[in-house]
Amino acid sequence: MDIQGMEQMNKQLLNHVGQVIVGKENTMELVLTAIIASGHVLLEDVPGTGKTMLAKSVAASLDCTFQRIQFTPDLLPSDLTGIHFFNQKTGDFEFRPGPLFANLVLADEINRATPRTQSSLLECMEERQISIDGSTRQLEHPFIVIATQNPIDNQGTFPLPEAQMDRFMMKIRMGYPSEGESVEILRRTVASRSVADLSSIITREQLIAAQQTYKSVQIDEDLLTYIIQLTEETRKHPELSLGVSPRGAQALLKASQAWAALHGRDYVLPDDIKGLAEPVLAHRLVFRNRMRQQEGLAERIIQDILNQVQVPTENMTAGSGR
């Protein structure tokens with residue numbers, strides 16, 4: 001697959017998922033960008049805004065193995081990873097894989113499970129493997145987690161630990177639809193349009209090829225420095241105890257390359273980085289005084305830093321072939 005093929009893939013997915021999901025084109029593009037960059041996605045908003053339907057619609061469009069896990073307080077780590085059970089017929093222990101052994105995993109309402117169960121995702125999200133009873137099992141490629149969560153002030157939720165938040169490439173807020181979009185949602189409700197109407201349009205082989213192609217997108221040295229300057233500013237901010245980690249800087253680089261490829265370019269522009277900085281970086285910030293943390297404050301800090309750090313303007317497309 002080449003860059004033009006990735007651009008066509010992007011358009012096809014938007015049109016296909018758009019049969020069920022009204023609006024949210026930018027959100028869908030962000031989700032696809034993370035998937036292409038082999039990153040995990042966290043969708044957050046109040047119940048009823050379409051988080052689960054969006055994730056299921058994207059999954060239905062990909063010809064990959066899919067598992068949905070409904071997270072609840074009584075969910076155990078073994079319910080995700082699988083267990084060894086004694087087979088009385090063979091007289092031996094056998095492994096029964098859990099739902100994490102899939103290409104695409106929907107972790108629905110992830111923050112309703114206890115921290116112990118949430119932590120069972122750490123190894124598989126970073127290393128694409130699961131350690132069970134002293135043995136390590138590799139997960140099939142690709143392996144992507146799309147998680148949904150309700151705002152942490154909702155009743156019955158457990159906040160995700162910082163280490164796990166850092167493993168999500170992007171955190172995306174759905175937001176309420178506009179009036180016109182709301183009317184269209186009701187029209188489609190009357191017409192009974194649902195995720196079941198969607199078929200797969202992207203094969204597993206095409207997805208794997210795209211995950212290799214985006215890596216060829218070139219990025220100038222000045223833009224690499226720009227990414228580091230943005231992340232370093234978060235580490236100096238007086239309201240933050242922890243800024244963006246090196247993993248976060250790598251995520252912003254990969255996401256920028258994937259975004260450029262999905263828009264038909266083999267080079268990264270500063271606007272790619274600026275547009276992705278908020279969903280890639282904001283959820284990685286840790287505040288000194290969490291009691292004073294307000295909704296949207298992390299996003300505002302990222303926007304302030306984007307306004308403060310000078311954007312490279314010279315030689316930014318060197319070697320891009322333009």
Side-chain angles (χ1 to χ4, degrees), residues 1 6 9-10 12-14 16-17 21 24 27-44 51-71 80-82 97-111 118 120-130 137-149 160 164-172 174 195 198 200-215 247-248 250-259 261-262 276 279-280 283:
M1 177 176 291
M6 292 188 63
M9 175 190 293
N10 186 29
Q12 286 180 334
L13 186 71
L14 290 178
H16 192 64
V17 176
I21 302 297
K24 309 302 180 188
T27 300
M28 287 188 283
E29 284 193 296
L30 289 174
V31 171
L32 181 58
T33 296
I35 291 174
I36 295 299
S38 299
H40 309 292
V41 180
L42 180 62
L43 300 173
E44 182 186 71
K51 302 184 298 295
T52 301
M53 179 173 286
L54 175 62
K56 291 175 65 176
S57 298
V58 173
S61 303
L62 304 178
D63 187 20
C64 296
T65 56
F66 171 70
Q67 290 284 354
R68 175 186 176 182
I69 310 169
Q70 182 64 51
F71 278 64
L80 305 181
T81 59
L100 289 181
F101 286 86
N103 296 132
L104 191 61
V105 176
L106 170 56
D108 214 1
E109 295 188 303
I110 187 173
N111 59 336
Q118 292 173 7
S120 65
L121 290 170
L122 291 176
E123 181 184 14
C124 66
M125 290 177 67
E126 180 64 20
E127 303 176 45
R128 268 66 177 184
Q129 67 180 30
I130 295 178
R137 297 177 181 270
Q138 297 295 324
L139 296 172
E140 186 180 9
H141 184 72
F143 174 75
I144 305 294
V145 174
I146 299 180
T148 70
Q149 75 168 4
L160 299 182
Q164 186 161 350
M165 290 293 289
D166 200 39
R167 282 166 168 78
F168 284 102
M169 174 172 277
M170 294 187 193
K171 177 184 174 184
I172 307 170
M174 295 289 293
V195 178
L198 298 180
S200 60
I201 60 171
I202 300 174
T203 67
R204 177 174 175 268
E205 290 71 24
Q206 288 175 318
L207 179 58
I208 292 176
Q211 290 179 331
Q212 294 300 318
T213 299
Y214 93 91
K215 297 177 183 179
R247 183 189 287 122
Q250 291 174 317
L252 184 55
L253 166 62
K254 294 176 181 178
S256 300
Q257 289 178 295
W259 180 271
L262 289 171
L276 292 165
V280 174
H283 64 283

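None of the values given here were measured: they were computed from a predicted structure.
No side-chain donor-acceptor contact under 3.5 Å links Arg128 to the backbone of Ile144. Judged purely by atom type and a 3.5 angstrom limit, Thr148 has no side-chain atom pairing as donor or acceptor with the backbone of Thr52. At least one donor-acceptor pair under 3.5 Å links the side chain of Asn103 to the backbone N or O of Pro142.
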Could you walk me through whether Leu80 and Phe71 satisfy the side-chain contact (heavy atoms from CB on, under 4.5 Å) test, starting with their C-alpha distance in whole Å, then the side-chain angles of each, then the deciding distance to 0.1 Å, before giving a yes or no?
CA-CA 10 Å; Leu80 305 181; Phe71 278 64; 4.0 Å; yes
Under the criterion side-chain contact (heavy atoms from CB on, under 4.5 Å), I'd like the reasoning laid out for Ile35 against Leu62: C-alpha separation, chi angles, the key distance, then a yes or no.
CA-CA 11 Å; Ile35 291 174; Leu62 304 178; 4.3 Å; yes
Worked verdict on Asp108 versus Arg68 for side-chain contact (heavy atoms from CB on, under 4.5 Å)
CA-CA 7 Å; Asp108 214 1; Arg68 175 186 176 182; 2.6 Å; yes
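Residues Leu207 and Ile36 are in side-chain contact: their nearest non-hydrogen atoms beyond the backbone lie under 4.5 Å apart. No side-chain heavy atom of Ile110 sits under 4.5 Å from any side-chain heavy atom of Val145. Using a 4.5 Å heavy-atom threshold, the side chains of Tyr214 and Leu262 count as separate. Between Leu100 and Gln67 there is no side-chain heavy-atom pair separated by less than 4.5 Å. You'll find the side chain of Arg247 reaches within 4.5 Å of the side chain of Glu126, heavy atoms only. Using a 4.5 Å cut-off on side-chain heavy atoms (C-beta onward), Ser61 and Val58 make no contact. Residues Leu160 and Leu42 form a side-chain contact, since some pair of their non-hydrogen atoms from C-beta on lies under 4.5 Å apart. Between Lys24 and Met53, every side-chain heavy-atom pair lies at or beyond the 4.5 Å cut-off.
One distance of note links CD of Gln206 with SG of Cys64; it measures 10.0 Å at 0.5 Å rounding. Atoms CG and CG, on Leu54 and Leu43 in that order, are 6.0 Å from each other to the nearest 0.5 Å. Remark: Gln149 CD to Phe168 CZ distance equals 7.5 Å, nearest 0.5 Å. Here the CE atom belonging to Met6 is positioned 7.5 Å from the CG atom belonging to Leu32, to the nearest 0.5 angstrom. From Leu122, atom CG reaches atom CD of Gln164 across 5.0 Å, with rounding to the nearest 0.5 Å. Here the CD1-CG distance, from Ile130 to Leu139, works out to 4.5 Å after rounding to the nearest 0.5 Å.
Annotation: ring pair (Phe, Tyr, Trp, His ring centres under 6.0 Å) contacts of Phe101 (sequence neighbours excluded): Phe95. Remark: Ala34 pairs with Val41, Met169, Met170 by the side-chain contact (heavy atoms from CB on, under 4.5 Å) rule, at least two apart or across chains.
Listed by first and then second residue, the salt bridge (charged side-chain N to carboxylate O under 4.0 Å, His left out) pairs involving residues 27-42 amount to none (not counting sequence neighbours).
Across every non-hydrogen atom of Arg167 and His40, the tightest pair is O-CD2, 3.5 Å. Taking all atoms of both residues into account, the shortest heavy-atom contact from Lys56 to Leu106 is CG-CD2, 3.7 Å. Smallest separation of non-hydrogen atoms from Val105 and Pro99: CG2-O, 3.8 Å. Smallest separation of non-hydrogen atoms from Ile172 and Leu30: CD1-CB, 3.6 Å.
Under the 3.5 Å distance criterion, with hydrogens and angles disregarded, a donor-acceptor pair is assigned to the side chains of Gln211 and His141.
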